[in-house]
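The structure appears below as C-alpha cells.
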Amino acid sequence: MLRLAIQKSGRLSEDSLKLIRECGITFISSSLKLKTESTNFPLEILYLRDDDIPGYVADGVADIGIVGENVLVEEGMQALAVEQLGFSKCRLSLAVPKADEYSDITDLEGKNIATSYPNLLQSYLQEKGVQAHIHTISGSVEIAPSIGLADAICDIVSSGSTLISNGLKEVERVFKSQAVLIANENLNADKKQILEKLLFRIHAVQRAQKAKYILLNTPNEKIAEISRLLPGAKSPSILPLAEEGWSSLHSVVNEDDFWEIIEKLKDAGAQGILVVPIEKMIV
Ligand code: ATP
Ligand code: ZN
C-alpha cells in the first residue's frame with residue numbers, strides 16, 4: 001500500500017484528484033474524510049494542508065505527495081521532487097503600487113516587502129544583490145501596501161487580476177511553479193514498485209493530453225505530401241475510401257503543431273479533417 005498526500009481543499013485539490021482518476025484509480029472521495037483507500041489500486045489518499053505535505057513525505061508519514069514547487073522549494077525540500085505534473089501553473093512575483101515609479105530591482109533596496117515566501121524571496125534578492133526587509137505574513141499579502149504594512153509584496157500570481165484589483169503592478173518574476181509529484185527517499189521495494197506503476201500510468205495520461213488523433217481524407221497522389229506535413233507520426237495508417245482514388249489517413253499530432261499545419265494540410269488537398277482527443281497513450 002502506497003500513501004499519497006494531496007491538498008485537502010485549494011487550488012491543487014481538484015486537478016490532483018483528476019489525475020489520479022485519469023490513471024484509472026477509483027476511490028470514494030468525501031470532503032469530510034481525512035483519508036480514503038482506493039478500491040482497485042494499492043493506494044491510500046491523505047487529505048492535508050499543502051504546506052504540510054513536503055514534511056509528511058520527508059518523514060515518511062506519507063510515501064508520496066502532490067504539492068506546488070513554490071511550497072517545496074520554499075521549505076528547502078526540492079530533493080523530494082520526482083516529476084512535474086503540468087497543472088497549477090503560477091508564478092511568484094514582486095509587485096508594487098500601480099502609481100509607484102519602478103525601473104528595476106534596485107528600487108527595492110531598503111524597502112519593506114510582505115510575503116508568505118521569505119526563503120524564495122531572500123534568495124532572489126541575494127542573487128540580485130539587493131537588501132530589503134522581508135515581512136513574513138501567512139495570507140492576504142496583496143493588501144499589505146494599502147494598509148501601510150509594506151512598500152511591495154511578493155506573492156503568487158496566475159492571471160494578475162488579483163494584483164490589479166488591489167491597485168498593484170507586477171514588476172519582477174521571482175519563481176515559476178507548477179504541481180510536482182514528490183516521494184520519500186527511502187521507500188521499500190514494495191512501495192517503489194507501486195510508485196513505478198503509478199508513474200507509468202501518469203506518463204500515459206500526460207502523453208495523451210498533448211496528443212490528438214487526426215483523421216483526414218486525401219487524394220491518393222497527395223498521401224506522401226500530406227504524410228510529410230504530420231510531424232511526429234512515425235507512419236500514418238492509410239485506408240482506402242469507397243470513392244476511387246481517395247484514402248483516409250490516420251495519425252497522431254501534437255495539438256500545438258496541428259494549428260501550425262492546418263492551412264498547409266488544406267492547401268495540399270486534405271478534406272474532412274477530424275481531430276479527436278486521446279484518452280491514454282502507451283508507447
Ligand atoms: P492550504 O489551505 O492547503 O494551506 P493555500 O491557501 O496555502 O492552501 P492555495 O491557494 O490553495 O494554497 O494554493 C495551493 C498551490 O496552488 C500554491 O502553492 C501554488 O502552487 C498553486 N497556486 C496558487 N495560486 C494559483 C493560481 N492562481 N493558479 C494556479 N495555481 C495556483
Ligand atoms: Zn498552504
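Sequence positions, counted from 1, serve as the residue numbers for this chain. One-based numbering, in listed order, for ligands and for the atoms of each.
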Item to complete: Could you verify whether a donor N or O on one side chain and an acceptor N or O on the other, from Asn217 and Gln271, lie under 3.5 Å apart?
Response: no
Discussion item. Minimum distance, heavy atoms only, to atom 3 (O) of ligand 1: which one of Glu74, Gln7, Arg91, Arg11 is it?
Written reply: Gln7
Discussion item. If the condition is ring pair (Phe, Tyr, Trp, His ring centres under 6.0 Å), which residues does Tyr102 pass it with, not counting sequence neighbours?
Written reply: none
Item to complete: Verify whether one side chain among Gln131 and Gln126 offers a donor that lies under 3.5 Å from an acceptor in the other.
Response: no
Item to complete: Give the contacting part of Asn70 toward ligand 1: side chain, backbone, both or neither, where contact means a heavy-atom distance below 4.0 Å.
Response: side chain
Item to complete: Give the residue, atom name and distance (to 0.1 Å) of the protein heavy atom nearest atom 21 (C) of ligand 1.
Response: Cys90 SG, 3.9 Å
Worksheet item: Within a reach of under 6.0 Å around OH of Tyr56, are more than 12 heavy atoms found that belong to other residues, nucleotides or ligands?
Response: no
Discussion item. Can you tell me how far apart SG (Cys154) and CD1 (Ile134) are? Round to the nearest 0.5 Å.
Written reply: 8.0 Å
Worksheet item: Is Leu4 close to Ile20 at the side-chain level, that is, under 4.5 Å between some pair of heavy atoms?
Response: yes
Discussion item. What I want to check is whether the side chains of Tyr47 and Thr36 have a donor and an acceptor closer together than 3.5 Å.
Written reply: yes
Worksheet item: Which residue owns the protein heavy atom closest to atom 2 (O) of ligand 1, what's the atom, and how far is it?
Response: Arg49 NE, 3.3 Å
Worksheet item: So which heavy atom in the protein is nearest atom 7 (O) of ligand 1, and how far is it from that ligand atom?
Response: Asp50 OD1, 3.3 Å
Worksheet item: Protein N/O/S atoms under 2.8 Å of the Zn ion (ligand 2)?
Response: Asp50 OD1, Asp51 OD1
Worksheet item: Side chains of Glu101 and Asp107: closer than 4.5 Å at any heavy-atom pair?
Response: no
Worksheet entry | Verdict with supporting geometry, Glu225 and Lys222, salt bridge (Lys or Arg N to Asp or Glu O under 4.0 Å) | CA-CA 5 Å; Glu225 185 183 341; Lys222 296 287 188 178; 3.6 Å; yes
Worksheet item: Counting from 1, what ligand 1 atoms have a heavy atom of Ile156 closer than 4.0 Å?
Response: 23 (C), 24 (N), 25 (C)
Worksheet item: Does Arg201 count as lying over the ring of Phe41, i.e. NZ or CZ under 6.0 Å from the six-ring centre, within 45 degrees of the axis?
Response: no
Practice prompt. Any atoms of ligand 1 less than 4.0 Å from a non-hydrogen atom of Gly10? List them with their elements.
Written response: 11 (O)
Fill in: Sub-4.5 Å side-chain heavy-atom contact between Glu22 and Val205
yes
Item to complete: Give the numbers and elements of all ligand 1 atoms closer than 4.0 Å to a heavy atom of Val71.
Response: 18 (O)
Discussion item. Tell me the protein heavy atom at minimum distance from atom 27 (N) of ligand 1, and give that distance in Å.
Written reply: Ser158 OG, 2.9 Å
Discussion item. Quick check on contacts: which atoms of ligand 1 are under 4.0 angstrom from a heavy atom of Lys89?
Written reply: 28 (N), 29 (C), 30 (N)
Discussion item. Using a 4.0 Å cut-off to any heavy atom of Gly68, which atoms of ligand 1 qualify?
Written reply: 20 (O)
